[in-house]
Amino acid sequence: MTTIRLYNTKSRREEDLQPLIPGKVRMYVCGPTVYDRAHIGNARPVVVFDTLFRLLRHVYGADAVTYVRNFTDVDDKINAKAAETGRPIRDITDETIGWYHADMDALGALRPTHEPRATEYITPMIRMIEGLIARGHAYAAEGHVLFDVRSFPGYGALSGRSVDDMIAGARVEVAPYKRDPMDFVLWKPSGDDLPGWPSPWGRGRPGWHIECSAMSRELLGEAFDIHGGGIDLQFPHHENEIAQSCCANPSGQFAKIWMHNEMLQVEGKKMSKSLGNFFTVRDLLDQGFPGEVIRFVYLGTHYSKPMDWTADKAAQAEATLRKWRALTRDGQPGQVADTVVAALAGDVNTAGALAELHKLANAGDAAGLLASAQLLGLLLPEMGAWAEVTVDLSTHADRLAALRAEAMASKDFAAVDAMKAALMAAGVEVRMSKAGVELLPGAGFDAAKLPVL
RNA sequence: GGCGGGUUGGCGGAGAGGUUACGCAGCGGAUUGCAAAUCCGUGAAGACCGGUUCGAUUCCGGUACCCGCCUCCA
């Protein structure tokens, strides 16, 4: 069996994946807070861990892999949007989840095995908080429950910092009811205008971090193999998850391997609303970038490095996919190439895997290319509509062929060149050879610009 | 201030202590009425300074620059 090697943020080393339960793999990835459309940064971990999910299924079998990705549907940003719009919270979160599914489906991401909503796990969260209090790791104060970071010696191990270091230069919320400035909220009180659930500490709502600890325990158990998310979550979110889970679970175990994807930039700059380079996935889809092209661009950079979204990359990706789709159009997938699996097994080296795909294409191995690309979530039949030839250009081709035949006799090519230029202006690729004339709609094809016959 | 990551050829972007990454662009050729597409061939690299080594772009140390997190933003 292929050995998959993954970089573990916690040990700062690449490690062999050795499933805790032989033959079964369990993975948890932090999902979105559902208050708005997913932006293209949100989509990066989705594509990265979807690719890992596909690799795991390939190596261990589709039924052997359990992948959990949560929806955070209780959050102050959601509350703010509800207050702003006057809409019920559930309307907002349901709608946003629908968008999320549609947008991530478009990127070729498989649905995880489980997609729990935080609001459906309030009871397990309360139970976990009670357990933390009972074990002396948390305390109630003024309607809040706080985690006592000093009670967990391992606090800071994931992000490589000590509690004292963090306090030194940190901007932490100083609240009178905190024993230590770094203590974080497990539960907080809700006024009548905010969503809340009854609890031993009064009506309230959970802090941000506890949901992932509770849901992963419910769905995957106390210990599991892989926990993923964006590098920005490393601290404090993941650090706090570890503290909660390790202290609440009798076994003291939690995720074995921690994986973090780096951030995304746009045209070399941090994506931000103020710079005007902020895009949602839906924006790109609406601009005409096929989901498959977006996915290809993501896969072109290793997940551990910052990735730059550029229009140029998207254009190159589109050209490559067109070529590969043409090459594999009439074939069936063959064997997945060992070289592609090997690349992915080396810490999900998607860029290396794409290079291997290029080699397969250059070698004319259409069946191998198709099977291997599909392992990466590319060249799937359901994603290819964008590359299909949907227009009939045969009358234009016939006309051009006729003009060309006349020109060959008369040696006057003006009419041929004029029509060719008009076709190219409409985004048509013009191929003339001894065999005849072939017209293909290209990247910028616009039927409205076709020359009128 | 603390912590973490990065710096590869014109551009994008990988692996590997010594042997072509790969893609795009470029250049030369075949082909073409001219092109396009395709095919063949080809030049070009590893921020800087040291160290280890027979040999480092690849390991170690330092410098410079860039980026992220520390603010419930992936």
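Every chain is numbered from 1, with letters handed out A, B, ... down the list of sequences. This structure is a prediction, so every number in the text was calculated from the model and none was measured.
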Using a heavy-atom cut-off of under 4.0 Å over every strand shown, decide if [X] touches base, sugar-phosphate, or nothing.
{"X": "A:Arg44", "answer": "nothing"}
{"X": "A:Met424", "answer": "nothing"}
{"X": "A:Val416", "answer": "base"}
{"X": "A:Asp312", "answer": "nothing"}
{"X": "A:Gly41", "answer": "base"}
{"X": "A:Gln234", "answer": "nothing"}
{"X": "A:Asn240", "answer": "nothing"}
{"X": "A:Leu440", "answer": "nothing"}
{"X": "A:His260", "answer": "nothing"}
{"X": "A:Asn42", "answer": "base"}

I'd like to check the salt bridge (Lys or Arg N to Asp or Glu O under 4.0 Å) partners of [X]; sequence neighbours left out, ordered by chain and number.
{"X": "A:Arg179", "result": "A:Asp148"}
{"X": "A:Arg5", "result": "A:Glu14, A:Asp16"}
{"X": "A:Glu356", "result": "A:Lys359"}

Pairs meeting criterion side chain to side chain donor-acceptor pair (under 3.5 Å) with involvement of residues 41-50 of chain A, two or more places apart: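 Counting only pairs at least two positions apart or across chains, the side chain to side chain donor-acceptor pair (under 3.5 Å) contacts touching residues 41-50 of chain A are A:His39-A:Asn42, A:Asp50-A:Arg54, A:Asp50-A:Arg295.
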N/O donor-acceptor pair under 3.5 Å between A:Thr280 side chain and A:Ala38 backbone: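 Checking the backbone N and O of A:Ala38 against the side chain of A:Thr280, no donor-acceptor pair under 3.5 Å is found.
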Check: A:Tyr303 ring centre within less than 6.0 Å of A:Tyr298 ring centre: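 No: the rings miss the under 6.0 Å criterion.
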Please tell me which of the listed nucleotides, [options], lies nearest to the side chain of [X]?
{"X": "A:Glu429", "options": "B:rU32, B:rA74, B:rA36", "answer": "B:rA36"}
{"X": "A:Tyr7", "options": "B:rA74, B:rG5, B:rU38", "answer": "B:rG5"}
{"X": "A:Thr301", "options": "B:rA74, B:rG13, B:rG6", "answer": "B:rG13"}
{"X": "A:Arg431", "options": "B:rG68, B:rA35, B:rA37", "answer": "B:rA37"}
{"X": "A:Gln265", "options": "B:rC67, B:rC34, B:rC69", "answer": "B:rC67"}
{"X": "A:Leu233", "options": "B:rA14, B:rA74, B:rC67", "answer": "B:rA74"}

Donor-acceptor pair under 3.5 Å, A:Asp417 side chain vs B:rG33 base: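 By the distance-only test, yes, there is a pair.
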Charged N-O contact under 4.0 Å between A:Arg111 and A:Asp105: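 Looking at A:Asp105 together with A:Arg111, the answer is yes, because their closest N to O distance falls below 4.0 Å.
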Ion pair check, A:Arg431 and A:Glu429, cut-off under 4.0 Å: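 Counted as a salt bridge, because a side-chain N and a carboxylate O are separated by less than 4.0 Å.
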Those residues of residues 405-414 of chain A lying under 4.0 Å from RNA chain B by at least one heavy atom: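 Residues of residues 405-414 of chain A that come under 4.0 Å of RNA chain B are, in numerical order, A:Met408, A:Phe413.
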Chi class for B:rG5: syn within 90° of 0, otherwise anti: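 That one's anti.
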From A:Gln234, A:Glu239, A:Lys10, residue fulfilling side chain to side chain donor-acceptor pair (under 3.5 Å) relative to A:Ser159: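 By the side chain to side chain donor-acceptor pair (under 3.5 Å) criterion, A:Ser159 pairs with just one of A:Gln234, A:Glu239, A:Lys10: A:Glu239.
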A:Phe235 or A:Arg12, whichever maps to the more 5' nucleotide of RNA chain B: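 Upstream on the strand: A:Arg12.
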Side-chain donor-acceptor contact under 3.5 Å, A:His260 with A:His238: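 Yes, a side-chain donor-acceptor pair sits under 3.5 Å.
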Gap between atoms CD and P, on A:Glu356 and B:rA16 respectively (whole Å):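 The answer, rounded to whole Å, is 12 Å.
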Integer-rounded Å distance: B:rG15 P and A:Leu354 CG: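 Computing the A:Leu354:CG to B:rG15:P distance gives 13 Å.
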Runs of at least three consecutive pairs that involve RNA chain B, where pairs are Watson-Crick or G-U with distances under 3.5 Å: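 So far as stems of 3 or more pairs are concerned, RNA chain B shows B:1-7 with B:64-70, B:10-12 with B:22-24, B:26-30 with B:38-42, B:47-51 with B:59-63.
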